[in-house]
Amino acid sequence: MKAMTRRDEIILHLERHCVEIPTSLHMPYSTTMHGMSDATGMTRAHVAGVTQQLMDEGLVERVKANVDSRRAKLQSYYLTPAGVMEAQKLHRMIAGEIFYENDTEWVIGALDNLKKAQETVEKIRKRKDDRLTAKAIRYVYRAMDDLTREANL
């Protein structure tokens, strides 16, 4: 699975704090640049860049709204229907339901190394050979390396 990007963080944040297109001009603070910056730990500049990208993709819209108890209206952001679908896709990805095309290579490589380790363990049981034990352990480590490197753990 790929690592969570700033784009993904903003999409999921907006999904948690504003799940529908606003029908009134009142929005929570968490949907403003400052609110998203506070919640995600990103600078406002990063939040601005990411939200602009999301608006260009048609996943996020901007609206001027009353925010909490502030007098002046502030720019607030919400997910479009396409943005909501993208958030759902991210949830499925996080739950492990989606593999990306380039993920298959390293998963196959890791499974291949685990299969070799299993075959070597079977040989160890038959022969009682310490060299084979070391070989099996190497295959397991290779598989673990494949999985941790590609999953960004």
Side-chain angles (χ1 to χ4, degrees), residues 1-121 135-153:
M1 185 169 69
K2 71 174 189 156
M4 186 75 80
T5 64
R6 291 178 173 152
R7 175 186 179 275
D8 300 340
E9 286 184 58
I10 294 292
I11 290 171
L12 294 175
H13 172 79
L14 286 174
E15 183 207 25
R16 282 190 300 273
H17 296 280
C18 187
V19 293
E20 57 188 45
I21 297 172
T23 53
S24 69
L25 292 178
H26 183 76
M27 298 282 283
Y29 171 77
S30 57
T31 62
T32 66
M33 286 281 177
H34 289 280
M36 289 187 280
S37 177
D38 292 345
T40 62
M42 292 181 226
T43 65
R44 284 191 310 274
H46 276 114
V47 171
V50 172
T51 52
Q52 184 59 54
Q53 174 192 355
L54 292 170
M55 287 190 298
D56 293 345
E57 293 177 36
L59 301 176
V60 168
E61 290 290 328
R62 176 175 48 207
V63 64
K64 271 200 166 192
N66 293 320
V67 175
D68 297 335
S69 61
R70 291 172 173 75
R71 289 184 183 174
K73 290 185 177 185
L74 298 175
Q75 297 284 349
S76 293
Y77 299 84
Y78 64 93
L79 293 176
T80 63
V84 172
M85 288 176 59
E86 183 69 15
Q88 291 169 349
K89 180 180 169 185
L90 288 170
H91 284 295
R92 288 193 311 274
M93 181 196 71
I94 291 166
E97 295 177 12
I98 295 176
F99 276 101
Y100 289 87
E101 291 177 18
N102 61 350
D103 286 349
T104 55
E105 287 181 31
W106 62 266
V107 170
I108 289 170
L111 291 173
D112 186 48
N113 280 318
L114 288 172
K115 183 177 180 186
K116 288 177 184 176
Q118 181 182 16
E119 291 168 355
T120 306
V121 167
K135 188 175 182 179
I137 291 170
R138 278 196 307 274
Y139 284 127
V140 170
Y141 279 126
R142 285 180 192 163
M144 289 170 42
D145 287 344
D146 289 342
L147 291 171
T148 56
R149 180 181 58 247
E150 296 299 330
N152 296 316
L153 296 177

*Is there side-chain contact between Leu79 and Val60, with heavy atoms separated by less than 4.5 Å?*
yes
*Heavy-atom donor-acceptor pair, Ser76 side chain to Lys64 backbone, under 3.5 Å*: no
_What's the separation between atom OG1 in Thr51 and atom CD1 in Ile11, rounded to the nearest 0.5 Å?_
11.5 Å
*Specify the closest pair of heavy atoms between His17 and Pro28, including all atoms of both residues, with the distance to one decimal.*
O-CG, 3.4 Å
*asked:* Run the side chain to side chain contact (heavy atoms under 4.5 Å, CB included) test against Ala39 and tell me which residues pass, sequence neighbours left out.
replied: His13
*Which atoms form the tightest heavy-atom contact between Val67 and Tyr29, and what is the distance?*
CG1-CA, 3.3 Å
_Spacing of NZ belonging to Lys89 relative to CG belonging to Asp8, to within rounding of 0.5 Å_ = 9.5 Å
*Determine yes or no for a side-chain-to-main-chain donor-acceptor pair under 3.5 angstrom, with Asp38 supplying the side chain and Gly35 the backbone.*
no
*Out of curiosity, Glu57 CD to Thr80 OG1, how far, rounded to the nearest 0.5 Å?*
10.0 Å
*Set of side-chain hydrogen bond (donor to acceptor under 3.5 Å, both in side chains) partners for Glu86, sequence neighbours left out*: Arg7
_Contact between Leu59 and Gln53 at the side-chain level, heavy atoms closer than 4.5 Å - yes or no?_
no
*Considering all heavy atoms, the nearest Met55-Tyr77 contact*: SD-CE2, 4.1 Å
*So do the side chains of Ile10 and Met42 get within less than 4.5 Å of each other, counting heavy atoms only?*
yes
*Thr31 and Tyr78: side-chain contact (heavy atoms from CB on, under 4.5 Å), yes or no, with the steps?*
CA-CA 7 Å; Thr31 62; Tyr78 64 93; over 6 Å; no
*Using the test side chain to side chain contact (heavy atoms under 4.5 Å, CB included), find all partners of Ala48 that sit at least two apart in sequence or belong to another chain.*
Met33
*Out of curiosity, Met36 CE to Leu14 CG, how far, rounded to the nearest 0.5 Å?*
5.0 Å
*Quick one: CD on Gln75 to OG1 on Thr32, what's the gap to the nearest 0.5 Å?*
10.5 Å
